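Reckoned from all heavy atoms, side chains included, excluding hydrogens, waters and symmetry mates. Small disclaimer: the values here were computed from a predicted structure and weren't measured. In what follows, every chain begins at residue 1, and chains take the letters A, B, ... in the order their sequences are listed.
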Amino acid sequence: MEGLFSPCTRYGLQEFRGALPELKLDVSTKKLLSAKRAFTYADLYAMLGTEDTAAWLTPQGYVVRADGRASSTLCYLHSNYYRLRFSVDGQQISAVARSSELLAEIVDVVSRLLIADVSEVYELVLKFVSNELFFNAAIFAHLVRQCQSLKALTLDSISIDEEHYRVLGNISKAGLEIELKNCRIVGAPAEALVEVLGRNQGPTKLDCCYIDYSVLANGLRGNSRLKSLEKRHNSGNARTVEREFLGIAGALKDNKGLVDLTFGMTLG
Amino acid sequence: MSDETWYVVCDSLKTHPTLQVLKLERMHSFLLALAVLKSRVQALVDMMKVNMSIHAILRLGDCYSEHELFRKSVIPYLETNRLRPRVHAIQKARPIAYRAKVLGRALLAARTDANRFWMLLSGNVEVAFPPTTATTTAAVSLPITPTANAYVSTAAANGGTYAPNVDTSTIGQKRKARL
């Protein structure tokens, strides 16, 4: 770790809220990621301290512990920034940047650090906090495939494209729980999800996702992989709600795997 | 959710093979006519009469869960489904002497719940009442109350299986043999 980072005051955090140290990367990300350095996600998490250090991994993107004081302070300062939360067996790091492109850069760096040491990763949660983001599908696939011990993968509030759904299908195996939570799934990605479910692959849990459930119904027929489905309908559009309920109800007769089903109405 | 859709959803879950927990949240407007409420609960009863896996219906709201028909008819079916895997597990226990001990402990735990007690007993008739001469003699010499006699007749008619003690007076339909 020595020689990689040094203190800085890029945002003057110490003056703003006191004792929020900042670090900046003194070498290129290429050097940081080199196998010779053997710097990993766990090292980064340890370096960020118990709760209050921000580290700039790229000129425009930094990381903080997601559950620390630095995160809450910076969240206030940068409320309009893009952020993605990694949670690896409970070790949570938020990557933050001003735009989705800049966030993609830093997410790429963190993902590669993660890949360097994933043999014992059991739970991976990716939560996008403020807006939509499209991962690079190849990196995503590589990341998840490298996690040989992975038991639970959660994508929270992340919009991914059809290629990602195919990746989710391809990595599906017994013993790997895949949860999609609060995800917006429309158009081609929704069709891809239905296609994946039709092959008994993909998510085991769909939790409050924004999707046309009359489309999803096609994926439920004959499916035995999806174990949990939570759908909350907006009560403001009665006709759509009825159509979606009827669509799902029709499909449930042919479903073979659901264990937990929630129908709920939200006030709208 | 409209009444029609409610019935369709209940109907579609009748034969679902794996569903265990069903949560229905804010499924109606604030004012629900009593007749409509009863009709909706009846749809749940009809669903549970056939479904073999659902063991919990949650977040329904008090007007459903406190309805007499729900308490007397839906809940026994839910409990039956919840207990069924345990009955199967006891049935598979070997050797028979060990199975008898497991059944004994289960019966002890269920002694205050007539439905659960009877389900465990009727699902393990050959262990509870082994076909030996001595046991038969002892059983014959026991005074049989009309209630106990009725239970035995029901079990025999069901081939030694269990039907929950639901309130059939409000359902107006014959109970379905289960297991």
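- Residues of residues 2-17 of chain B having a heavy atom under 4.5 Å from any heavy atom of chain A, listed by number: B/Ser2, B/Thr5, B/Val8, B/Val9, B/Asp11, B/Ser12, B/Leu13, B/His16, B/Pro17.
- The shortest heavy-atom contact between B/Leu120 and B/Leu103 is O-CD1, 3.8 Å.
- Identified under the side chain to side chain donor-acceptor pair (under 3.5 Å) test for residues 165-174 of chain A, with sequence neighbours left out: A/Glu163-A/Arg166.
- Partners of A/Phe263 by ring-ring contact (aromatic ring centres under 6.0 Å, His included), not counting sequence neighbours, listed by chain and number: A/Phe245.
- Contact check on A/Asp212 versus A/Arg243 returns a salt bridge, with a Lys/Arg side-chain nitrogen under 4.0 Å from an Asp/Glu carboxylate oxygen.
- Within the structure, the salt bridge (Lys or Arg N to Asp or Glu O under 4.0 Å) test picks out no pair touching residues 101-113 of chain B (sequence neighbours left out).
- Distance alone, capped at 3.5 Å, places no donor-acceptor pair between the B/Tyr64 side chain and the B/Lys38 backbone.
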